[in-house]
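Below: the structure, in structure tokens.
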Amino acid sequence: MNEFIDRIKAALAAATGADPVTLKIEAPRDPSLGDFAFPCFPLAKTLRKAPPAIAAELAQNLGAIPDVSVEATGPYLNFRVDRGALAASVVGAIQAQGDAYGGSDEGRGKTVVIDLSSPNIAKPMHVGHLRSTIIGAAVQRLFDRLGYTTVGINHIGDWGSQFGKLVAAIDRWGADVDLENEPIRALLALYVRFHEEVKNDPELEEAGKAAFRELESGEDGHVRATWKRLTELSLREFDKIYARLGVTFDHVRGEAYYEPYLDATVERIVAAGITEVSEGALIVDLSGVEKNMAPCLLRKTDGTTLYATRDLAALFMRQDEFEFDRCLYVVGGEQRLHFRQLKGVLARMGLDWQERVTHVDFGLLRLPEGKLSTREGKVVFLDELLDKARNEAERIIAEKNPELANAETIAEQVGVGAVVFHDLKKERVKDVVFDWNEVLSFEGETGPYVQYTHARLASILRKARAKGFDTEGEVDWSLLADAAELLLRLGRFPGIVASAAEHAEPSEVTVYVLELCREMNSWYVKNKVLTDDVALSTARLTLVAAAQTVIASGLSILGVAAPAEM
RNA sequence: GCGCCCGUAGCUCAGCUGGAUAGAGCGCUUGCCUCCGGAGCAAGAGGUCACAGGUUCGAAUCCUGUCGGGCGCACCA
């Protein structure tokens with residue numbers, strides 16, 4: 001579709017002497033005005049004429065543009081693409097490219113590293129972890145579409161003093177819980193019990209600290225073995241949820257993975273001459289980077305490292321290993337300061353590649369009763385949420401489509417799809433208050449609505465095949481004149497993918513897909529596809545197939561299944 | 001106290017990076033299944049775009065301030 005915009009720009013540039021790239025082409029307020037609009041206001045100053053006069057004059061003087069007509073309306077020039085040419089261009093491109101439509105090769109040879117999901121070992125995954133996982137996976141797929149080499153890294157939280165406590169708790173009460181079969185719930189129970197009993201038992205506190213010291217010392221004994229076991233048990237549980245979400249990672253690396261590089265990292269920063277000792281801790285002062293910014297702590301008074309130290313080590317390693325063009329951290333907005341500090345340290349070291357590191361932040365998820373808190377029991381567990389959504393889908397299928405084959409599989413796809421779609425619907429920086437009714441709603445602007453639209457299009461195509469329609473031959477594109485808005489929408493998909501990737505904003509795709517479905521539904525209730533008029537039916541079938549391709553493509557970026565029946 | 005994020009219909013959100021009469025969904029009111037799937041479609045009611053200034057030919061969009069909500073601010077992650 002871009003060829004029309006390029007032609008319009010070229011004609012405008014020739015007529016006004018302006019640089020084509022500076023010309024802004026937009027969509028008219030009302031589609032009946034035209035397909036593309038050019039506001040003449042910016043030319044008023046240089047030409048010293050009123051915008052409506054410029055528009056009228058340009059409409060006269062503009063050279064002929066193939067397949068495009070021009071009309072001046074007030075201060076705007078409105079352009080209309082010939083309906084047949086529009087359909088041939090858009091549907092033709094989708095037919096030719098199939099699932100690849102919307103992508104490009106702009107990222108060829110470039111690497112983007114994406115840090116996503118990053119749950120903590122020994123803690124249950126709750127709805128809060130969903131956001132990083134789902135947003136991150138969608139962002140990765142967006143960059144995949146644009147031809148980038150992407151590296152998705154799940155940065156598991158498997159290090160820190162709480163693991164010493166857990167080892168101590170397992171040593172004492174491990175026999176009381178079912179670690180093998182219910183590892184997460186068992187570990188959570190042990191963690192809570194530790195915090196309760198430690199109040200009256202100083203020895204327990206010391207046992208926890210001693211265990212972490214042994215872990216940090218690198219000694220390969222009982223403590224490390226226990227830590228390894230609980231890590232493996234947790235990961236096994238996480239993998240079940242990742243499988244349901246259809247999320248995979250290129251690397252799963254815990255913080256412990258970077259442990260051998262901590263000393264070298266600190267040395268590197270010290271060698272840059274930007275460290276100082278303050279109140280016994282080794283810090284990097286950042287007050288010169290940003291006003292009032294808190295310093296970054298590299299080593300505590302006792303010499304052990306912190307979260308920031310480990311993140312810096314990970315960042316250096318990623319830069320060395322992948323030589324990334326961009327490194328994205330899909331992490332909640334509550335850590336904005338942390339990432340500004342990391343970048344601040346790199347900036348003070350004179351490393352210009354800090355500009356390629358981006359914190360893809362997202363809003364906090366809260367429950368109506370307040371912030372999520374595992375220890376206070378204010379949580380919604382992810383597996384429970386997905387189960388409920390699947391059950392709801394099952395119930396609706398039993399009611400609306402009891403004959404459906406593979407009902408169980410499809411209920412899972414619809415249920416999980418509803419949850420994922422809901423999470424990707426709004427702009428990621430916005431805070432979310434979790435609402436069961438909202439997540440489990442399958443009507444209106446929801447994942448199931450999109451899936452349903454897709455399934456109906458698939459159903460029409462099935463019926464067309466059964467009736468022997470053939471869309472391979474010549475198509476009279478002018479017969480799609482009544483679908484111009486739909487065609488324009490389909491033609492915008494590549495721009496949406498590029499923009500969503502640039503902003504790391506999957507919601508742009510979600511919103512687009514919803515609009516496309518609304519338009520599609522509206523169109524096909526008015527226009528019957530399978531008719532006695534073979535030429536008309538053939539043309540409409542190509543449109544249905546194109547829309548189905550794009551809806552499925554959008555859903556696949558979001559990580560939502562597109563079943564052919566539901 | 002300081003810093004960052006958010007504020008658009010009763011509720012949940014879009015608004016294409018400054019353009020024409022601010023759009024959807026939910027909820028409410030009302031129509032539409034002898035016709036490709038009613039998880040749908042069509043229509044109605046519902047707005048001082050938090051407030052006040054400013055920049056501009058033009059502001060929901062950019063700047064400043066105020067108010068409201070959220071998050072964070074040295075040895076946790």
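Throughout, a chain's letter reflects where its sequence line sits, starting with A, and its residues are numbered from 1.
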Exercise. Does A:S161 get its side chain close enough to the base of B:A77, under 3.5 Å, for a donor-acceptor pair?
Worked result: no

For this session: Rounded to whole angstrom, note down the P distance from B:G3 over to B:A60.
Result: 28 Å

For this session: Please check the phosphate of B:A39 (OP1 and OP2 only) for any side-chain N or O of A:Y452 closer than 4.0 Å.
Result: yes

Exercise. Is any side-chain nitrogen or oxygen of A:K371 closer than 4.0 Å to OP1 or OP2 of B:G70?
Worked result: no

For this session: Would you mind classifying the nucleic acid contact of A:A50 as base, sugar-phosphate or nothing, using non-hydrogen atoms under 4.0 angstrom?
Result: nothing

Exercise. Heavy atoms under 4.0 Å, any strand shown: does A:L337 hit a base, just sugar-phosphate, or nothing?
Worked result: sugar-phosphate

Exercise. So what does A:K526 hit on the nucleic acid, given a heavy-atom distance under 4.0 Å: a base, only sugar-phosphate, or nothing?
Worked result: nothing

For this session: Starting from the 5' end of RNA chain B, give me the residue, A:N527 or A:E427, whose nearest nucleotide shows up first.
Result: A:E427

Exercise. Backbone N or O of A:T409 within a donor-acceptor pair of the A:N406 side chain at under 3.5 Å?
Worked result: no

For this session: Would you classify A:K528 as touching base, sugar-phosphate or nothing, given that sugar-phosphate means primed atoms plus P, OP1 and OP2, and contacts are heavy atoms under 4.0 Å?
Result: base

For this session: Determine whether the side chains of A:R456 and A:Y524 contain a donor N or O and an acceptor N or O closer than 3.5 Å.
Result: yes

For this session: Mind checking A:A455 for me? I need base, sugar-phosphate or nothing, with any heavy atom below 4.0 Å counting as a touch.
Result: base

For this session: Report which part of the nucleic acid A:N437 touches: base, sugar-phosphate, or nothing (heavy-atom distance under 4.0 Å, all strands).
Result: nothing

For this session: Measure from the side chain of A:T73, starting at C-beta and using heavy atoms only, and say which of B:C73, B:A14, B:A20 lies closest.
Result: B:A20

Problem set entry | Near-ring test A:H155/A:Y258, centroid separation under 6.0 angstrom | yes

Exercise. Would you say A:S459 reaches B:G37's phosphate, i.e. side-chain N/O to OP1/OP2 under 4.0 Å?
Worked result: yes

Exercise. Rounded to whole angstroms, how far apart are CD on A:Q413 and P on B:A39?
Worked result: 18 Å

Exercise. Looking across every strand, which nucleic acid part, if any, lies under 4.0 Å from A:L33 by heavy atom: base, sugar-phosphate, or nothing?
Worked result: base

Exercise. Do the side-chain N or O atoms of A:T446 get closer than 4.0 angstrom to the phosphate oxygens (OP1, OP2) of B:A39?
Worked result: no

For this session: Kindly check if the number of other-residue, nucleotide or ligand heavy atoms within 6.0 Å of CD (A:E369) is above 12?
Result: yes

For this session: Examine B:A74: is either OP1 or OP2 under 4.0 Å from a nitrogen or oxygen in the side chain of A:Y307? Give yes or no.
Result: no

Exercise. Below 6.0 angstrom between ring centroids: does that apply to A:F36 and A:F4?
Worked result: no

Problem set entry | Complementary nucleotide for B:G1 - Watson-Crick or wobble, under 3.5 Å | B:C73

Exercise. NA contact type, A:I397, heavy-atom cut-off 4.0 Å: base, sugar-phosphate, or nothing?
Worked result: base

For this session: Give A:V511 one of three labels, base, sugar-phosphate or nothing, depending on what nucleic acid heavy atoms sit under 4.0 Å from its own.
Result: sugar-phosphate

Exercise. Within the structure, does a side-chain N or O atom of A:R456 lie under 4.0 Å from either OP1 or OP2 of B:G37?
Worked result: no

Exercise. Is B:U17 syn or is it anti, if syn means the base angle is within 90 degrees of 0?
Worked result: syn

For this session: For RNA chain B, find the residues of residues 279-289 of chain A with a heavy-atom distance under 4.0 Å and give them by number; none if there aren't any.
Result: A:E279, A:A281, A:I283

Exercise. OP1 or OP2 of B:G7 sitting under 4.0 Å from any side-chain N/O of A:K430?
Worked result: yes

Problem set entry | Residue whose closest nucleotide on RNA chain B lies nearer the 5' end, A:R366 versus A:N401 | A:N401

Problem set entry | Sugar-phosphate only, base, or nothing, as touched by A:L364 at under 4.0 Å among non-hydrogen atoms | sugar-phosphate

Problem set entry | Full working for side chain to side chain donor-acceptor pair (under 3.5 Å) between A:H359 and A:Q335 | CA-CA 9 Å; A:H359 177 201; A:Q335 295 196 36; over 6 Å; no

For this session: Would you classify B:C33 as syn or anti? Syn applies when the glycosidic angle is within 90° of 0.
Result: syn

For this session: Kindly say whether, by distance alone, the side chain of A:N78 makes a donor-acceptor pair under 3.5 Å with the base of B:A20?
Result: yes

For this session: Check whether any side-chain heavy atom of A:T446 lies under 4.5 Å from a side-chain heavy atom of A:V450, and answer yes or no.
Result: no

Exercise. Can you tell me the Watson-Crick or wobble partner of B:U48, both distances under 3.5 angstrom?
Worked result: none

For this session: Would you classify A:R310 as touching base, sugar-phosphate or nothing, given that sugar-phosphate means primed atoms plus P, OP1 and OP2, and contacts are heavy atoms under 4.0 Å?
Result: sugar-phosphate

Exercise. Which nucleotide in the set B:C57, B:A77, B:A39 lies at the smallest distance from any side-chain heavy atom of A:Q335?
Worked result: B:A77

Exercise. B:U12 base to A:H422 side chain: any donor-acceptor pair below 3.5 Å?
Worked result: no

Problem set entry | C1' gap between B:U55 and B:C11, integer Å | 35 Å

Exercise. How is A:P28 classified with respect to the nucleic acid when contacts are heavy atoms under 4.0 Å: base, sugar-phosphate, or nothing?
Worked result: base

Problem set entry | Watson-Crick/G-U partner (both atom distances under 3.5 Å) of B:U21 | none

Problem set entry | Selected nucleotide, minimal atom distance to A:F41 side chain, candidates B:C57, B:G72, B:C41 | B:C57

Exercise. What nucleic acid atoms does A:Q451 come within less than 4.0 Å of, heavy atoms only: base, sugar-phosphate, or nothing?
Worked result: nothing

Problem set entry | B:G15 and B:G25, which share atom name C1', separated by this distance in whole Å | 15 Å

Exercise. Salt bridge between A:E71 and A:R80, side-chain N to carboxylate O under 4.0 Å?
Worked result: no

Exercise. Between A:H195 (side chain) and A:V192 (backbone), is there a donor-acceptor pair under 3.5 Å?
Worked result: no

